[in-house]
S.K.: 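The structure under discussion is supplied below as structure tokens; questions concerning it will follow.
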Amino acid sequence: LDRNPCGSSSGTGAAIAANLAAAGIGTETDGSVVCPSSTNGLVGIKPTLGLVSRAGIVPIAHSQDIAGPMARSVADAAMLLNAIVGADARDPVSAAGEKHRTDYTKYLDPTGLKGARIGVVRKLAGFSPDVDAILAGNIAALKQAGATVVDPVTLSNLGKYDDAELTVLEFEFKHDLDGYLGELPASANAPHSLAELIEFNVRERAREMPWFDQDLLEKSQARGPLTDKAYLAALTRSKRLAGLLGIDATLKKYKLDALIAPTAGPAWTTDWINGDHTAGSSSTPPAVAGYPDVTVPAGSVHGLPVGLSFFAGAWSEPKLIAYAYAFEQATHAREPPQFRPTLEIP
């Protein structure tokens with residue numbers, strides 16, 4: 001209970017793990033569905049951008065924001081995905097997703113890994129000997145389930161778009177949050193723009209920012225409009241390097257159906273002074289590309305859950321769900337939480 005449930009969908013993750021509901025909705029820009037799912041021992045599906053409407057989500061960046069199901073099993077997550085997929089007039093991008101809509105429960109096949117070619121992105125592992133040991137067991141389980149595992153696989157352009165991603169987020173956060181807050185009624189006792197939010201935080205600093213600052217908000221406010229050449233160049237660079245020249249190129253090069261990597265490290269202790277100190281993450285490539293990412297419980301480190309992520313190209317949810325379900329049925333790695341006050345390490 002003194003460890004961090006990861007964010008930003010931390011409440012959803014903790015609530016589903018604790019049996020307060022059967023399933024829930026997380027929202028992700030980069031990691032906010034898959035990280036809390038991994039940390040809380042859940043299945044999380046971060047869909048392709050456009051498969052689920054973004055309307056109503058408090059925005060960070062429209063080129064990456066998406067909602068997705070979080071649940072205790074792949075079957076529950078697939079059923080919830082069925083319920084939330086569809087075109088929405090409030091989000092034009094969702095029209096593309098309507099063309100790919102299907103019944104995702106049809107892909108809950110325990111033999112779904114037979115004949116699949118799965119690549120291991122080793123550069124997204126290696127941050128923890130304990131997690132690497134879990135990954136080794138996962139690979140053995142994949143092979144036992146009939147998959148061909150290509151290990152290692154070099155994910156093209158990994159890390160080359162991190163700066164571009166941040167630039168895009170800073171531009172889009174200002175534009176998108178201004179639009180979201182601007183739609184609030186004039187009578188609402190709330191900020192109606194990012195500038196007003198920053199002013200409020202400064203005015204109420206003692207209550208609003210006792211430990212952390214608003215550096216990212218201020219950097220975003222300083223950015224120009226979405227017609228700015230710096231934004232357009234960063235958006236093009238990040239999407240191409242992560243997607244077409246990244247995940248797509250890697251799948252083609254190695255003749256793969258999907259890529260895998262540990263989703264994240266085990267939960268870290270909550271630190272109100274220094275903030276998060278995470279170890280390991282594989283969410284960025286599919287998040288930046290706008291591609292799907294499915295995490296499944298893969299094992300535990302001293303009783304702390306760790307997930308395995310399956311990701312591939314756009315609209316590949318059906319096969320990723322099939323692989324995730326077959327892996328889940330082969331391993332049954334999820335352990336119910338014990339609600340211990342702290343971690344007792346011998």
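Fair warning: this is a prediction, and the values are worked out from it, not measured in the lab. The analysis underlying the following values was restricted to heavy atoms, covering all of them including side chains, and did not include hydrogens, waters or symmetry mates.
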S.K.: Taking everything shown except H175 itself, do over 12 heavy atoms lie less than 6.0 Å from its NE2?
M.R.: no

S.K.: State, with a plain yes or no, whether a side-chain heavy atom of L194 is found less than 4.5 Å away from one of L181.
M.R.: no

S.K.: Considering non-hydrogen atoms only, spot the tightest contact between R207 and P210 and give its length.
M.R.: O-CD, 3.6 Å

S.K.: Any idea which heavy atoms bring H62 and L49 closest together, and the distance?
M.R.: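 For H62 and L49, the tightest heavy-atom pair comes out as O-CD1, 3.9 Å.
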
S.K.: Going from CG on D2 to CZ on R340, what distance comes out if it is rounded to the nearest 0.5 angstrom?
M.R.: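 Here the rounded value is 10.5 Å.
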
S.K.: Taking the side chain as every heavy atom from C-beta outward, state whether V131 and P266 have any atom pair closer than 4.5 Å.
M.R.: yes

S.K.: Do the side chains of I139 and F327 join up, straight or via other hydrophobic residues, at under 4.5 Å, putting them in one cluster?
M.R.: yes

S.K.: In Å, rounded to the nearest 0.5 Å, how long is the span from CD1 of I60 to OH of Y180?
M.R.: 12.0 Å

S.K.: Quick one: are T12 and P36 in side-chain contact, heavy atoms under 4.5 Å?
M.R.: no

S.K.: Kindly check if the number of other-residue, nucleotide or ligand heavy atoms within 6.0 Å of CG (D109) is above 12?
M.R.: yes

S.K.: Can you tell me if CZ on R3 sees more than 12 non-hydrogen neighbours from other groups inside 6.0 Å?
M.R.: yes

S.K.: Linking I/L/V/M/F/W/Y whenever their side-chain heavy atoms sit closer than 4.5 Å, directly or via other members, would F127 and L124 fall into one cluster?
M.R.: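 Different clusters.
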
S.K.: Does CD in E98 sit with more than 12 non-hydrogen atoms of other residues, nucleotides or ligands closer than 6.0 Å?
M.R.: yes

S.K.: Do L343 and W268 share a hydrophobic cluster (ILVMFWY, side-chain heavy atoms under 4.5 Å, transitive)?
M.R.: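 Shared cluster, no.
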
S.K.: Looking at K219 and D215, is any side-chain nitrogen of the basic one under 4.0 Å from a carboxylate oxygen of the acidic one?
M.R.: yes

S.K.: Grouping I, L, V, M, F, W and Y whenever their side-chain heavy atoms are under 4.5 Å apart, do V120 and Y291 come out in a common cluster?
M.R.: no

S.K.: Is there a side-chain contact between I260 and L142 in this structure, where contact means two heavy atoms from C-beta onward sitting under 4.5 Å apart?
M.R.: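 When only atoms from C-beta onward are counted, L142 and I260 do touch, with a gap below 4.5 Å.
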
S.K.: Testing the 3.5 Å rule here: is there a donor-acceptor pair between the side chains of E170 and Y231?
M.R.: no

S.K.: Can you hop from L113 to L135 via hydrophobic side chains spaced under 4.5 Å?
M.R.: yes

S.K.: Once side-chain hydrogen bond (donor to acceptor under 3.5 Å, both in side chains) is applied, do any residues pair with K143, and if so which ones, sequence neighbours excluded?
M.R.: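 For K143, no residue satisfies side-chain hydrogen bond (donor to acceptor under 3.5 Å, both in side chains) once neighbours in sequence are set aside.
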
S.K.: Heavy-atom count check: over 12 atoms from other residues, nucleotides or ligands less than 6.0 Å from E344 CD?
M.R.: no

S.K.: Could you pull out the closest heavy-atom pair between K174 and S220, with the gap in Å?
M.R.: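 Residues K174 and S220, closest heavy atoms: N-OG, 3.1 Å.
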
